[in-house]
J.: 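One structure follows; several queries about it will come next.
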Amino acid sequence: MSLNLSEQEIVRRQAMQSLRDMGIEPYPAAEFVTTHHARDIKDNFDTLDAEVVLAGRMMSRRIMGKASFAELMDSSGRIQIYVSRDDLPEGEKMYNTVFKKLLDIGDFIGVKGKVFRTQMGEISV
């Protein structure tokens with residue numbers, strides 16, 4: 001049986017295989033434990049001082065050199081995440097290859113980090 005895949009489906013399958021080739025399982029949802037939701041973080045920003053873990057769909061991405069911003073949407077709402085090349089395990093490889101090239105809008109991702117407010121006043125992880 002032959003599959004007629006669209007160009008987007010082919011690209012996404014190639015990205016998935018590239019992640020697997022790097023030793024990253026693209027579907028680890030069963031083992032990714034979260035501690036917070038976007039709404040919880042925004043509602044309790046002033047009292048959060050520990051690291052938070054959340055997961056959701058990446059809805060947008062703004063790449064700005066060694067650091068980027070993305071918007072993550074979970075079941076409670078949306079929150080901005082900040083991704084710095086220097087803060088990632090395996091820094092350059094994870095940032096330049098995985099975050100910038102292999103992840104796509106709509107992909108489910110999990111993040112862990114401290115909550116802070118940007119210079120523009122946006123609550124971010």
J.: Search all heavy atoms of Gly106 against all heavy atoms of Arg57 and return the closest pair with its distance.
T.: O-NH1, 2.6 Å
J.: So is Arg85 actually on top of Phe99's ring, under 6.0 Å and inside 45° of the axis?
T.: no
J.: Would you say the side chain of Lys93 lies within less than 4.5 Å of the side chain of Met22, judging by non-hydrogen atoms?
T.: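 Of all side-chain heavy-atom pairs linking Lys93 with Met22, at least one is under 4.5 Å.
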J.: Using only heavy-atom distances, determine whether the side chains of Ser76 and Asp74 contain a donor-acceptor pair under 3.5 Å.
T.: yes
J.: Please report the closest heavy-atom contact between Val125 and Val115, naming both atoms and the distance.
T.: CG2-CG2, 4.3 Å
J.: Might you point out which heavy atoms bring Ile41 and Leu54 nearest each other, and give the distance in Å?
T.: CD1-CD2, 3.9 Å
J.: From Ile24 CD1 over to Leu102 CG, what is the distance, rounded to the nearest 0.5 angstrom?
T.: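 So the CD1 of Ile24 and the CG of Leu102 are separated by 8.0 Å.
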J.: Would Val83 and Val111 count as a side chain to side chain contact (heavy atoms under 4.5 Å, CB included) if you check the C-alpha gap in whole Å, the side-chain angles of each, and the deciding distance to 0.1 Å?
T.: CA-CA 9 Å; Val83 180; Val111 297; 5.9 Å; no
J.: Closer than 3.5 angstrom, by distance alone: can the side chain of Thr47 be matched with the main-chain N or O of Asn44 as a donor-acceptor pair?
T.: yes
J.: Do you know the tightest heavy-atom contact between Ile79 and Ile123?
T.: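 Heavy atoms only, the tightest pair is CG1-O, 3.8 Å.
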J.: One pair to check against side chain to side chain contact (heavy atoms under 4.5 Å, CB included): Ile63 and Tyr95. What are the steps and the verdict?
T.: CA-CA 10 Å; Ile63 296 171; Tyr95 184 71; 4.0 Å; yes
J.: Does NZ in Lys100 sit with more than 12 non-hydrogen atoms of other residues, nucleotides or ligands closer than 6.0 Å?
T.: yes
J.: What residues form a ring pair (Phe, Tyr, Trp, His ring centres under 6.0 Å) with Phe69, not counting sequence neighbours?
T.: Tyr82
J.: Near Arg20 CZ, under 6.0 Å, is it more than 12 heavy atoms from other residues, nucleotides or ligands?
T.: yes
J.: Is the backbone of Val53 close enough, under 3.5 Å, to the side chain of Thr35 for a donor and an acceptor to pair up by distance?
T.: yes
J.: Would you mind listing every side-chain hydrogen bond (donor to acceptor under 3.5 Å, both in side chains) that reaches into residues 113-125, with sequence neighbours excluded?
T.: Gln80-Ser124
